[in-house]
Q: 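After the structure tokens below, expect a handful of questions from me.
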2 protein chains.
Amino acid sequence: MERRERADAARNRQAILRAAEELLRGNPPEQVSVERVAAAAGVGKGTVFHRFGSRVGLMQELMAERARALEEEVRQGPPPLGPGAPPAERLVAFLDAALVMATRNAGLIAAHEHARLTNRNGSRLENPIYLFWHGHVSALIAEARPDVDAGLIAHVLLGTLHTEPISTLLRAGESPRVAAVLADLVHGLLRS
Amino acid sequence: MERRERADAARNRQAILRAAEELLRGNPPEQVSVERVAAAAGVGKGTVFHRFGSRVGLMQELMAERARALEEEVRQGPPPLGPGAPPAERLVAFLDAALVMATRNAGLIAAHEHARLTNRNGSRLENPIYLFWHGHVSALIAEARPDVDAGLIAHVLLGTLHTEPISTLLRAGESPRVAAVLADLVHGLLRS
DNA sequence: GACAAAGTGGACCGCTGGTCCATATATTAA
DNA sequence: TTAATATATGGACCAGCGGTCCACTTTGTC
């Protein structure tokens, strides 16, 4: 049933992803157009759309690549990130990790947000990475405090990572401050 | 020094603002282009840019119009919104009011965000309304708990209003849930 | 080596925010 | 009322965007 991706196609997919990465490292995200990515990858614009469907799809794929390791650690790594530790501890550990990730990929996140808003393209809830993160945070909160609105609180906590004045701080190296505040929030909430 | 705005200019300014309002009420925000606003107002596109400088400027003016009443109440209205009540109470009252406002103006906020991201235009910190809100929230937190990172917490709380999965809930009539969570967060934080 | 399936690239489309400036209009002073 | 001046106006125009399309090339299979 499953036909494998052709060799040249796979090569181009990689070239495109690496070119996008490179451009996002050196330019403000709204200047990294699909056309520029294609040019930098030595590929036609049509190819990029063929492979990734849309600008959002391209950005999502990049995010997925980087999120995979963290997801693995959460699912089956050692505590406190992986299973085993008490939920409050796991939650703080996860938020810390997510924060590091958001800091390192601030440009990419901004570009993804930009792409999402520009067209009538989907809610954040259609991004599988966000869904996984939200599910995880949500479950940990519910485990510690079954009486609160865990899903909504998870949105608030995760929203922080995407919010503009805060992502600016992250890029400026202030992530410890943000981590401290998030930990405060979590402790304030989870203490019955 | 101050030359008053010409009568026809003032009339057009109003026409443009009202037309934008109307379009935002009935269309997804990214479809409300400056050109369509101009057409609906019976005015040339150039005029809109002349009056408001940019798409962001137009949206900002609309937000300012609506935020003015709340600002007045906060500055000199009766408690708990205005001065006089204990800070935790004022804070919850303000967040409630801001939430109502964000709910009613969800389309406008989204359009403003969209405009901000599309061009290399400014941080949220350049929006005077955000600055006022942040200053207010920040001061209340600092008053109740001088030992915490009030400015950053204020960003987290206010960020909630702009965050996508949450603003979707607001539009769906779930604002009481959001209000409850915010109140929880505030109480969890401000209780030493 | 032949044939079908998959991949490719760049011209093209509709649309955007923003600029420009010759022209029209309101205001003020005479 | 008129003349002079500052201001406002509108729409053609621009560069750029995300996305589509399809004649053509490349790859994998038997």
Side-chain angles (χ1 to χ4, degrees), chain A residues 1-17 19-20 23-24 27-62 110-122, chain B residues 1-17 19-20 23-24 27-62 110-122:
Chain A
M1 200 101 265
E2 281 278 311
R3 305 191 61 85
R4 277 206 33 240
E5 189 175 50
R6 251 168 60 171
D8 55 343
R11 220 181 318 121
N12 280 338
R13 154 174 261 113
Q14 279 307 308
I16 293 165
L17 288 172
L23 285 178
L24 280 171
N27 303 89
E30 76 278 3
Q31 282 180 27
V32 179
S33 66
V34 175
E35 193 150 19
R36 283 188 61 191
V37 170
V43 133
K45 192 182 178 179
T47 302
V48 178
F49 282 97
H50 248 292
R51 223 106 302 269
F52 300 98
S54 70
R55 190 187 150 86
V56 175
L58 169 60
M59 297 304 172
Q60 212 135 283
E61 188 57 38
L62 270 176
H112 180 257
E113 206 71 358
H114 170 249
R116 223 169 40 74
L117 280 200
T118 294
N119 321 319
R120 75 285 192 200
N121 254 312
Chain B
M1 201 101 263
E2 281 282 309
R3 302 194 62 89
R4 278 205 30 241
E5 189 175 51
R6 251 168 62 169
D8 54 343
R11 219 180 319 122
N12 280 338
R13 154 173 261 116
Q14 279 307 308
I16 293 165
L17 287 172
L23 286 178
L24 281 170
N27 303 88
E30 76 279 4
Q31 282 180 27
V32 179
S33 67
V34 174
E35 193 150 19
R36 282 189 61 191
V37 170
V43 133
K45 193 185 182 178
T47 303
V48 177
F49 281 97
H50 221 328
R51 222 105 306 271
F52 300 99
S54 71
R55 192 187 148 86
V56 175
L58 169 60
M59 298 305 173
Q60 211 134 283
E61 188 58 39
L62 271 175
H112 179 259
E113 207 72 356
H114 170 249
R116 223 169 39 76
L117 279 201
T118 294
N119 319 322
R120 74 282 191 202
N121 254 311

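These numbers come from a predicted model, not from an experiment. Hydrogens, waters and symmetry mates are skipped; everything else that's a heavy atom, side chains included, is used. In what follows, chains carry the letters A, B, and so on, assigned in the order in which the sequence lines appear, proteins first and then strands, with residues in each chain numbered from 1.
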Q: I need the minimum non-hydrogen distance between E30(A) and L117(B), along with the two atoms involved.
A: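 Heavy-atom minimum between the residues: CB-O, 4.1 Å.
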Q: Would you say R51(A) reaches dT8(C)'s phosphate, i.e. side-chain N/O to OP1/OP2 under 4.0 Å?
A: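 For dT8(C), OP1 or OP2 has a side-chain N or O of R51(A) closer than 4.0 Å.
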Q: Could you walk me through whether L17(B) and L58(B) pass side-chain contact (heavy atoms from CB on, under 4.5 Å), step by step?
A: CA-CA 8 Å; L17(B) 287 172; L58(B) 169 60; 4.0 Å; yes
Q: Which atom names give the shortest non-hydrogen contact between R51(A) and A9(A), and what distance separates them?
A: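 Reported closest heavy-atom pair: NH1-CB, 3.4 Å.
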Q: For a quick test of reading the model, state the closest non-hydrogen atom pair linking V37(A) to V32(A) and the distance between them.
A: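 Closest approach of V37(A) to V32(A): CG2-CG1, 3.6 Å.
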Q: Measure the distance from CD on E5(B) to P on dA6(D) and round it to the nearest whole Å.
A: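 Atom-to-atom, E5(B) to dA6(D), this comes out as 19 Å.
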Q: Just to verify, what does R11(A) make a side-chain contact (heavy atoms from CB on, under 4.5 Å) with, not counting sequence neighbours?
A: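 Here the qualifying residues are D8(A).
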Q: Could you check how far CZ of F49(B) sits from P of dC21(C), rounded to whole Å?
A: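 These atoms are roughly 17 Å apart.
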Q: Roughly how many Å is it from CG in D8(A) to P in dA6(C), rounded to a whole number?
A: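 That distance rounds to 13 Å.
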Q: Answer yes or no: does atom CD of E35(A) have more than 12 heavy-atom neighbours from other residues, nucleotides or ligands under 6.0 Å?
A: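 Check fails, neighbour count at 12 or below.
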Q: Rounding to a whole Å, what distance do you find between N12(A):CG and dT26(D):P?
A: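 One finds 13 Å between P of dT26(D) and CG of N12(A), rounded.
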Q: To the nearest angstrom, how far is R13(A) atom CZ from dT8(C) atom C1'?
A: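 Value for this atom pair: 15 Å.
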Q: Counting only distance, no hydrogens or angles, is the base of dT7(D) paired donor-acceptor with the side chain of R6(B) under 3.5 Å?
A: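 A donor-acceptor contact between them is present.
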Q: For the pair made of CZ in F52(A) and C1' in dG7(C), what is the distance, rounded to whole Å?
A: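 My rounded result for the distance is 14 Å.
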Q: Looking across every strand, which nucleic acid part, if any, lies under 4.0 Å from A38(B) by heavy atom: base, sugar-phosphate, or nothing?
A: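 The residue A38(B) makes no contact with any strand.
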Q: Taking the side chain of H50(B) as its heavy atoms from C-beta onward, which of dA26(C), dG10(D), dT9(D) lies nearest to it?
A: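 Among the listed nucleotides, the one closest to the side chain of H50(B) is dT9(D).
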Q: Taking C-beta and beyond as the side chain, do F52(B) and R13(B) meet within less than 4.5 Å on heavy atoms?
A: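 In contact.
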Q: For dG9(C) and T47(A) - does any side-chain N or O of the residue sit under 4.0 Å from the phosphate oxygens OP1/OP2?
A: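 Yes, because at least one side-chain N or O of T47(A) sits under 4.0 Å from OP1 or OP2 of dG9(C).
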Q: Please list, pair by pair, any protein nitrogen or oxygen found under 3.5 Å from a nitrogen or oxygen in nucleotides 14-17 of chain D.
A:
| residue | atom | partner | partner atom | Å |
| --- | --- | --- | --- | --- |
| dC17(D) | OP1 | S33(A) | OG | 3.2 |

